[in-house]
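A note on names: the letters A, B, ... follow the listed sequences, proteins ahead of strands, and every chain is numbered from 1.
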2 protein chains.
Amino acid sequence: MKINRSVEQGVYVMLMLALQKGHTPIKSQVLSTRLEVSDSYLKKILRKLVVAELVNSSASKDGGFTLGCDITAVSLLDVCTAVDATDQLIMPELNLANRVFPGDEVHIAQSQEIVNHAFSDAQSAFNTELAQVKLSSLLERSSFQHGVVDWATLI
Amino acid sequence: MKINRSVEQGVYVMLMLALQKGHTPIKSQVLSTRLEVSDSYLKKILRKLVVAELVNSSASKDGGFTLGCDITAVSLLDVCTAVDATDQLIMPELNLANRVFPGDEVHIAQSQEIVNHAFSDAQSAFNTELAQVKLSSLLERSSFQHGVVDWATLI
DNA sequence: ACATCTAAGGACTTTATATATCTACGGAAT
DNA sequence: ATTCCGTAGATATATAAAGTCCTTAGATGT
């Protein structure tokens with residue numbers, strides 16, 4: 001079990017957008033330079049955040065990305081789900097049961113069902129925990145309410 | 001988040017050992033042909049189960065693998081932990097915080113701490129669920145108490 | 001003590017996935 | 001019309017999973 005690195009990138013992008021003074025658009029390049037990650041790769045992550053409606057984008061001169069949600073309502077789970085498509089499909093297809101219970105269709109189905117159900121429950125429990133942590137808990141209220149940083153001009 | 005394929009192999013190997021008549025040793029080749037997986041690879045998985053003391057091994061003629069534990073006490077979590085080393089290390093090293101809170105050591109540490117803690121809690125919740133499903137729930141008691149199948153001679 | 005069968009282990013190859021890059025395209029603002 | 005910037009697909013690289021092969025070592029029966 002492993003968490004995608006892009007989850008971290010997604011989280012801190014969201015924080016930067018939340019901190020942006022006046023919540024004005026930030027260009028992808030400003031984000032990527034500051035986070036010291038590849039711009040073209042970060043753009044793909046940004047795109048996923050846009051599709052998930054966590055972020056807005058504007059393609060024009062003076063365009064860029066802005067926050068598309070209430071930072072106090074968005075959780076780590078929301079970012080994970082948006083950024084990591086593999087977030088849900090946990091288990092590889094089970095196909096060994098029919099080798100261990102040959103011909104016994106009932107047992108085959110039952111054992112696979114139990115295993116799948118167990119992992120599905122485990123995943124739910126995992127998600128429930130992540131859903132409880134809002135992104136705003138990583139910041140101070142005063143900082144993100146109207147934004148305090150202009151990333152583009154910050155040295 | 002993704003589950004290793006070898007977890008499934010580990011689980012069904014355990015079931016085969018539990019079902020083995022008289023709990024006599026089964027050779028790796030018998031296991032691998034029945035499960036239709038590569039023998040040399042299955043041996044590596046078996047080795048991990050041996051190290052975790054879920055399985056015993058004997059290297060000799062008429063040797064092989066036997067159950068090394070009480071199947072009613074062993075859970076899916078035990079198999080996962082034994083077979084998948086990445087079971088624990090969930091998060092890649094966080095290092096973006098110091099780009100978003102430049103110079104603010106307190107915030108850097110705090111935000112990383114919150115994220116790490118969240119994922120750690122999530123992992124625990126995940127494991128708790130898996131620990132509740134014992135391997136014996138995949139079988140009928142009468143089947144594994146003394147074993148009902150001789151895999152080596154089964155057609 | 002020896003022959004024999006089997007697990008153990010290391011080095012290696014192959015395959016898949018994550019991560020990152022490049023280039024061309026198209027929309028929006030001025 | 002021009003310019004900036006996001007979008008998208010093809011491509012390259014890095015890293016991890018999955019599988020193979022060969023050698024070594026351990027237990028058993030004779």
Side-chain angles (χ1 to χ4, degrees), chain A residues 1-10 13 17 24-33 35-66 68 80 83-87 89-93 95-96 151-152, chain B residues 1-10 13 17 24-33 35-66 68 80 83-87 89-93 95-96 151-152:
Chain A
M1 201 159 70
K2 226 177 55 179
I3 297 301
N4 219 314
R5 175 190 292 264
S6 50
V7 169
E8 188 194 4
Q9 299 174 0
V13 160
L17 295 178
T24 55
I26 316 180
K27 301 173 209 178
S28 79
Q29 192 141 39
V30 172
L31 293 165
S32 60
T33 338
L35 293 178
E36 287 179 314
V37 299
S38 134
D39 186 54
S40 43
Y41 195 56
L42 187 65
K43 277 181 180 171
K44 294 190 193 298
I45 293 169
L46 283 163
R47 177 62 186 152
K48 291 179 183 174
L49 294 174
V50 170
V51 170
E53 297 186 315
L54 301 182
V55 161
N56 293 323
S57 68
S58 156
S60 73
K61 194 174 164 174
D62 300 324
F65 297 88
T66 54
C80 281
V83 151
D84 186 359
T86 73
D87 187 42
L89 35 124
I90 260 224
M91 208 61 189
E93 197 185 348
N95 57 4
L96 296 182
W151 295 105
Chain B
M1 200 160 70
K2 228 178 54 182
I3 296 301
N4 221 314
R5 175 190 291 265
S6 50
V7 169
E8 188 195 2
Q9 298 176 1
V13 160
L17 295 178
T24 54
I26 316 179
K27 301 173 207 176
S28 79
Q29 191 139 41
V30 173
L31 293 166
S32 59
T33 37
L35 293 178
E36 287 177 314
V37 299
S38 132
D39 185 55
S40 41
Y41 195 56
L42 186 66
K43 274 182 181 168
K44 295 189 198 296
I45 294 169
L46 283 164
R47 179 61 188 153
K48 291 179 182 174
L49 294 174
V50 170
V51 170
E53 297 186 315
L54 300 182
V55 161
N56 294 322
S57 68
S58 155
S60 73
K61 190 174 167 178
D62 300 325
F65 297 88
T66 54
C80 282
V83 152
D84 186 0
T86 73
D87 188 41
L89 34 126
I90 260 223
M91 210 57 191
E93 197 186 346
N95 55 6
L96 296 182
W151 294 105

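- Here the CG atom belonging to A:Leu31 is positioned 11.0 Å from the NZ atom belonging to A:Lys43, to the nearest 0.5 angstrom.
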Whether each nucleotide of nucleotides 24-30 of chain C has a protein heavy atom under 4.0 Å at its base (B), only at its sugar-phosphate (S) or at neither (-) is summarised, 5' to 3', as ---BBS-

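- OP1 or OP2 of C:dA7 lies within a sub-4.0 Å distance of a side-chain N or O belonging to B:Ser28.
- Contact annotation: side chain of A:Lys44 to base of D:dG9, donor-acceptor pair present below 3.5 Å.
- Atom CD1 in B:Ile26 sits roughly 11 Å away from atom P in C:dA7 (whole-Å rounding).
- Atom P of nucleotide D:dT3 and atom CD of A:Gln29 are separated by 18 Å, given to the nearest angstrom.
- Separation of atoms CG (B:Leu46) and OG (B:Ser28) is listed at 6.5 Å; rounding is to 0.5 Å.
- The CG atom of B:Asn56 sits 18 Å away from the P atom of C:dT6 (whole-angstrom rounding).
- At whole-Å resolution of the value, CD in B:Glu36 and C1' in D:dG19 are 16 Å apart.
- Phosphate contact (OP1/OP2 of D:dA18, side-chain N/O of B:Asn4, threshold under 4.0 Å): present.
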Take B:Thr66 and B:Leu17 through the test side-chain contact (heavy atoms from CB on, under 4.5 Å) and record every step on the way to the result. CA-CA 6 Å; B:Thr66 54; B:Leu17 295 178; 5.8 Å; no

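- When the nucleotides D:dT20, C:dA8, D:dT7 are ranked by their closest atom to the side chain of B:Ser38, D:dT20 comes out on top.
- At C:dA18, none of the side-chain N or O atoms of A:Gln9 fall inside 4.0 Å of OP1 or OP2 (strictly under the cut-off).
- One finds the CG atom of A:Asp39 at 5.0 Å from the CD atom of A:Gln29 (value rounded to the nearest 0.5 Å).
- Between B:Val7 and B:Cys80, the closest heavy-atom pair is CG1-SG, 3.7 Å.
- Atoms NZ (B:Lys43) and P (C:dA11) sit 18 Å apart, rounded to a whole Å.
- The closest donor-acceptor contact from the side chain of B:Glu8 to the backbone of A:Leu96 lies under 3.5 Å.
- In this entry the distance linking CG of A:Leu49 with P of D:dT7 reads 11 Å, nearest Å.
- Proximity of B:Lys48 to B:Val51: side-chain heavy atoms (C-beta onward) are nowhere separated by under 4.5 Å.
- Set against D:dT7, D:dG19, C:dA7, the side chain of B:Phe65 has C:dA7 as its closest nucleotide.
- Between B:Arg47 and C:dG9, a side-chain N or O to OP1/OP2 separation shorter than 4.0 Å is present.
- Between B:Ser40 and the phosphate of D:dG19, there is no side-chain N or O to OP1/OP2 separation shorter than 4.0 Å.
- In this structure, A:Arg5 places its CZ atom 14 Å from C1' of C:dT17, rounding to the nearest Å.
- Summarising the geometry, the separation between CG on B:Asp39 and P on C:dG9 is reported as 15 Å, rounded to the nearest angstrom.
- Within the 4.0 angstrom heavy-atom criterion, only backbone atoms of the sugar-phosphate kind lie near A:Lys27; the bases stay farther away.
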